[in-house]
Amino acid sequence: MSAMRSTSRRDFLKKCLTGAAVLHTSGRMGLLAAAEQGAALAKSRVVIARDAMLRGVGTTVDSRRMLSLLDRAMQTFFDGDNPIETWKKLFRPGETVGLKVNALGGRGFSSNLQLVEAICERLQEAGIKANDIVVWDRDSDELEHTGFHVSTGGNRVQCFGTDRVDYEQELVTHGSIGSRLSKILTRRCNVLINVPVLKDHDGAGVTIALKNMYGVIHNPNKYHPNGCNPYIADLNMLPEIRTKMRLTICDATTASYEGGPGYKPEYSWKNNALIVSHDPVALDYTGWQIIERKRAEQGLKTLEGDGRAPHYIATAADAQHRLGTNDPKRIAVVEV
Amino acid sequence: MSREFDAQEGIKVPADGAGGDGGPAVRGERSPFSCLLDRRSFLKCALASGAALGVCEFAQPLVAIPSWAGPQKQDDSRFTVEAKFYQKLQNQKIKCKLCPRECTVGDRERGYCGVRENRGGTYYSLVYSRVCAAHVDPLEKKPLFHYLPGTLAFSLATAGCNVNCKFCQNWDISQARPEQVPADYAPPKAIAELAKQYHCPTIAYTYSEPVVFSEYLMDAADAGHEAGVHSVVVSNGYMQEEALKTAYGRWTRSRSISKRSRRRITGTSLLVS
């Protein structure tokens, strides 16, 4: 207090002027610009972990190998030695973690059961209580058809669809979007892990991380025109989604390169991989390139040539959205 | 307790004169809500309430499942019929030929209206007999003039719409998927019978968008015709010509949105009618 009183008006004005001059000069010298540029040049990391023997000699994914694959992906992504410590970096005990899976494709082509079990196991080892984990999608019946056991009570991992709790009455809006959000997202979960599937999509081109958020709103049918652009990007801008999303773990164990989003065995392949990233745009871009490579291998036209390139990925990265990067120079893909 | 309204005296108290529940208290008499409370009791109450509130705050379960506020699970199968207007494409895709949007819908996906779903290459309407709103309205509310004036219309709707009007007053049903709103099973013959039962010479298909439940509308109109009940549809008319002729061929009267404002407020670019 006394120090403040000792500052005379002259000193105060001097300090203000000096400060302003320093800020102006540093701006001129590009210090601020350099800092901004540095942040912008930081690469988005995308880890692709593969295990050719994920299914052993059968067709079902082996749970132990899946856990090991998940650990490898997470440890690589976080540069850690201990798998549980990597999860502790992301989640704190007391948080309610939602796993937004994709159950649209039915059994065999939805978020892999063994993957979801592995994530739940590691979350619990990291201190999250079982009933603080919610595995969810739009509809409980769809989850059951996929092989999940719907569970809404007790000290178990919770699993149910928005049909059990309904959507919020209030509309939330951003750009072209006006929707009611699932109460599981708004009221139940503090944080989210996005667990999409790597799939071709007849309208959007591909459906991976960003489009999986269509499962959190009541009216996704309104947002399919024009290759879902700019709807997917606008939807992912909603604060309820953006602030809660911590990580995307894409199930690329079985993927499709044509005929999606429904399951067409003739256009699917056993990719036996997981893709992990903080940046959903970089992950979608990387997934898109994987699908394009498979299409080329199968002698199919590119998605651009087929008139359905996923332009929404570029929109999600543009100056109005900044949800991540789709610039391959700024994406560090690590394959393990 | 019921009250009668008299223009001269305002709210009348029932004849027993006891004031009744909600009736005016006699001056000087202690109100049932008044009580004597000394400072000690007041402080005790305040502290206890504060503590209880605090405990509630800490105990507020983040994990609690929000109470079920949505509609009951409905049996989809009885509301599902194959759509009449669509074309099968390769890879189990379909092209909807009901409205000018011509949605190309992949397997397990729905069209823009949200009430038609592709299941393995066959396109289904999910709103056949799935009535989410039904009222007996004056016909003028539709609004129609010079057509059976002063009569009633048995008005009904299902969920869904093929446009997205900014002014929609029924958005909670028109912009919803069928499973998101409570609905009753009302097959076409039941609608005709209900209309007669409520002395309605007309059935009105209104509130949301009749185009999206065309299959149901056609059968209900036939049932109504057999029972001597007319039909009226309040529609945007955003429909393909063939579907329009097939579905609305037997309609008594129809109204549609003006061409001038459709693009600005509905987001549609073509009106085939």
Side-chain angles (χ1 to χ4, degrees), chain A residues 94-96 104-106 109 129-134 138-142 152-153 155 158 160 162-169 171 176 178-180 182-184 186-190 199-204 207 214 218-225 258-264 266-267 308, chain B residues 60-76 89-96 101-121 126 159-164 166 168 171-172 174-182 212 267-269:
Chain A
E95 286 183 323
T96 304
L104 185 68
F109 206 44
K129 285 192 287 187
N131 59 6
D132 281 348
I133 302 170
V134 187
R138 293 185 317 192
D139 191 85
S140 301
D141 283 351
E142 281 179 357
T152 57
N155 290 322
Q158 309 293 289
F160 53 92
T162 301
D163 60 305
R164 293 289 177 104
V165 292
D166 207 2
Y167 296 86
E168 293 288 351
Q169 281 302 308
L171 282 175
S176 58
S179 295
R180 293 164 59 198
S182 166
K183 286 181 181 171
I184 302 175
T186 55
R187 301 190 185 190
R188 185 69 195 269
C189 302
N190 301 119
K199 288 196 283 190
D200 170 85
H201 191 277
D202 67 302
T207 167
Y214 269 29
H218 84 294
N219 57 349
N221 46 293
K222 298 291 177 190
Y223 306 132
H224 280 83
E258 174 72 3
Y263 182 45
K264 310 281 184 307
E266 66 273 30
Y267 297 127
R308 53 191 184 99
Chain B
Q60 190 172 21
L62 185 63
V63 293
I65 299 173
S67 59
W68 168 231
Q72 293 295 310
K73 196 77 185 170
Q74 298 161 22
D75 176 13
D76 262 355
L89 304 176
Q90 283 184 329
N91 288 339
Q92 297 185 335
K93 289 183 195 174
I94 65 92
K95 178 177 273 191
C96 184
R101 290 190 184 278
E102 295 201 326
C103 296
T104 300
V105 184
D107 184 21
R108 305 184 73 86
E109 296 256 297
R110 293 189 191 179
Y112 184 90
C113 58
V115 304
R116 288 162 184 270
E117 188 170 280
N118 179 352
R119 295 180 178 173
L126 309 178
C161 185
N162 58 346
V163 296
N164 196 11
K166 291 171 182 170
C168 186
W171 66 272
D172 51 342
S174 71
Q175 302 302 313
R177 294 175 157 223
E179 66 273 21
Q180 292 166 354
V181 288
V212 304
T268 59
S269 57

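Any value given below was found using the heavy atoms of this structure, including those in side chains, with hydrogens, waters and symmetry copies removed. To find a chain, count down the sequence lines: A is the first, B the second, and so on, and within it residues start at 1.
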Would A:Leu104 and B:Glu109 satisfy side chain to side chain contact (heavy atoms under 4.5 Å, CB included), going step by step from the backbone distance to the final call? CA-CA 9 Å; A:Leu104 185 68; B:Glu109 296 256 297; 3.6 Å; yes
Of the backbone (N, CA, C, O) and the side chain (C-beta and beyond), which part of B:Cys103 lies under 4.5 Å from a heavy atom of chain A, both, or neither?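 Nothing of B:Cys103, per the 4.5 Å heavy-atom cut-off to chain A.
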For the interface with chain A, which of B:Asp107, B:Asn118, B:Thr104 has the highest count of heavy-atom pairs at distances below 4.5 Å?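 Among B:Asp107, B:Asn118, B:Thr104, the one with the most close pairs to chain A is B:Asp107.
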Heavy-atom pairs under 4.5 Å with chain A: which of B:Arg108, B:Gln92, B:Lys93, B:Gln90 has the most?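 With the most close heavy-atom pairs to chain A, the winner is B:Arg108.
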What part of [X] gets within 4.5 angstrom of chain B, counting heavy atoms only: side chain, backbone, both, or neither?
| X | answer |
| --- | --- |
| A:Lys222 | both |
| A:Glu258 | side chain |
| A:Tyr267 | side chain |

A:Lys129, NZ atom: more than 12 neighbouring heavy atoms under 6.0 Å: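 At most 12 heavy atoms, drawn from other residues, nucleotides or ligands, come within 6.0 Å of this atom.
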Using a 4.5 Å cut-off on heavy atoms from C-beta on, say whether the side chain of B:Arg110 contacts that of A:Pro220.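 No; the side chains remain at least 4.5 Å from each other.
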Any idea which heavy atoms bring A:Asp202 and B:Val105 closest together, and the distance?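 It is OD2-C, 4.1 Å.
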Atom of A:Asn221, atom of B:Tyr112 and distance for their closest heavy-atom approach: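 It is ND2-O, 2.7 Å.
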To the nearest 0.5 angstrom, please state how far the CZ atom of A:Arg180 sits from the CD atom of B:Gln180.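 The CD atom of B:Gln180 is 6.5 Å from CZ of A:Arg180, to the nearest 0.5 Å.
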Could you measure the distance from the CD atom of B:Glu179 to the NE2 atom of A:His218? Nearest 0.5 Å is fine.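 B:Glu179 atom CD to A:His218 atom NE2 measures 11.0 Å (nearest 0.5 Å).
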